[in-house]
Amino acid sequence: MPGTALLEEHAGIWSKALTFGGTLLFVAGGLTATRVLAAHVERRFTHRRFGAAGSTLRIMITAVGYSVVALTGLSLIAVPLQQLVLGGALTGVVIGIAAQQTLGNVFAGLVILVVRPFRIGDTIEVRSGALNGPFTGRVIHLGMTYVTLTVDNGTLLLPNAGVLAAGVTVGLPPTTAEGDAPLAAQPATTPEPDNGPPQTEMADASRQ
């Protein structure tokens with residue numbers, strides 16, 4: 001604020017001290033709140049068996065929270081942020097273009113985790129020409145970049161963006177994912193009637 005900024009020469013010593021102390025308190029509280037929120041999100045996802053997704057979200061929340069706290073703290077002491085914001089925007093555009101595919105998989109993973117079209121343990125069939133499908137398997141892991149399936153010849157990793165854009169059949173029997181056809185119902189058989197000993201044995205008995 002004008003007259004109380006830390007770097008303004010005409011501000012009084014007490015104003016500078018209050019500004020500096022308030023900025024330190026804000027930064028400490030903001031960092032603590034960011035860490036608590038990130039840890040809480042990670043615990044919730046780990047409790048739902050999404051440990052990898054929880055770790056990725058914790059990193060994202062921590063990075064965003066620290067950036068917001070740092071920029072706000074600098075603005076409280078009247079540090080000009082125009083150049084920092086412009087440089088950060090240009091850097092963000094470059095990084096976004098370079099990591100377009102990775103970011104697409106991350107956001108697709110978030111959609112899958114929120115919407116939950118299928119869960120861990122479900123047997124699904126992914127029909128996608130872009131992925132050279134179809135693929136049938138049992139879901140064993142939902143991460144921020146890949147959906148992991150167990151198939152008849154091993155473990156298959158499918159990118160989240162491809163799975164989100166594909167047609168997915170859920171609720172398949174588990175035997176289908178293992179490459180075995182479901183067992184067909186066998187027709188009931190009735191025991192043959194016992195007509196006694198064979199005719200040859202009866203003929204031998206009559207000769208005797």
Side-chain angles (χ1 to χ4, degrees), residues 27 30-75 81-172 177:
V27 171
L31 295 180
T32 303
T34 300
R35 295 181 60 181
V36 170
L37 177 61
H40 176 71
V41 171
E42 184 181 16
R43 286 195 301 268
R44 292 293 298 272
F45 275 82
T46 303
H47 179 70
R48 297 183 179 182
R49 296 184 300 177
F50 299 127
S55 299
T56 304
L57 283 177
R58 178 180 59 81
I59 296 174
M60 294 176 61
I61 293 174
T62 302
V64 173
Y66 283 7
S67 300
V68 171
V69 171
L71 292 176
T72 306
L74 291 176
S75 66
L81 302 179
Q82 290 81 3
Q83 296 180 357
L84 293 177
V85 172
L86 179 60
L90 293 177
T91 304
V93 170
V94 173
I95 294 177
I97 295 175
Q100 182 178 3
Q101 186 174 3
T102 302
L103 293 176
N105 287 327
V106 170
F107 285 109
L110 291 175
V111 173
I112 292 175
L113 291 176
V114 172
V115 179
R116 306 183 73 178
F118 47 82
R119 303 181 181 182
I120 295 178
D122 292 346
T123 302
I124 64 174
E125 182 180 23
V126 181
R127 297 180 177 271
S128 174
L131 298 177
N132 196 21
F135 305 100
T136 303
R138 184 169 60 88
V139 181
I140 60 175
H141 182 69
L142 296 175
M144 293 300 296
T145 53
Y146 292 101
V147 174
T148 306
L149 304 179
T150 176
V151 294
D152 54 354
N153 58 348
T155 302
L156 179 64
L157 301 177
L158 297 177
N160 289 333
V163 174
L164 189 63
V168 180
T169 304
V170 298
L172 297 177

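- Two residues are said to be in side-chain contact when any heavy atoms from C-beta on lie closer than 4.5 Å; Phe118 and Leu142 meet this criterion.
- For Arg127, the side chain to side chain donor-acceptor pair (under 3.5 Å) partners are Glu125, not counting sequence neighbours.
- Ile140 is linked by a side-chain contact (heavy atoms from CB on, under 4.5 Å) to Arg138, Thr148, Thr150, Thr155, counting only residues two or more places apart in sequence or in another chain.
- Distance check: Leu149 CG to His141 NE2 gives 11.5 Å after rounding to the nearest 0.5 Å.
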List, one per line, each side-chain donor-acceptor pair under 3.5 Å for residues 30-38, sequence neighbours excluded.
unit_1, atom_1, unit_2, atom_2, d
Thr32, OG1, Ala28, O, 2.8
Thr34, OG1, Gly30, O, 2.8

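- Between the side chain of Asp122 and the main chain of Arg119, a donor-acceptor pair closer than 3.5 Å is present.
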Which side-chain N or O atoms in residues 59-67 pair as donor and acceptor under 3.5 Å with protein atoms at least two apart or in another chain?
unit_1, atom_1, unit_2, atom_2, d
Thr62, OG1, Arg58, O, 2.7
Ser67, OG, Ala63, O, 2.8

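- The two atoms that bring Val151 and Asn153 nearest to each other are CG2-OD1, 2.9 Å, heavy atoms only.
- The nearest pair of heavy atoms linking Ala166 to Ser128 is CB-CB, 3.4 Å.
- Here the side chains of Pro117 and Ile112 are in contact, with some heavy-atom distance below 4.5 Å.
- Of the possible polar contacts, none joining the Asn160 side chain to the Ala108 backbone as a donor-acceptor pair under 3.5 Å is found.
- Remark: Leu110 engages Leu57, Phe107, Met144 in a side-chain contact (heavy atoms from CB on, under 4.5 Å) (not counting sequence neighbours).
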Assess whether side chain to side chain contact (heavy atoms under 4.5 Å, CB included) is satisfied between Ile124 and Leu172, documenting all intermediate values. CA-CA 6 Å; Ile124 64 174; Leu172 297 177; 5.8 Å; no
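- Scanning for side-chain contact (heavy atoms from CB on, under 4.5 Å) contacts around Phe135 gives Leu131, Leu156, Leu158, with sequence neighbours left out.
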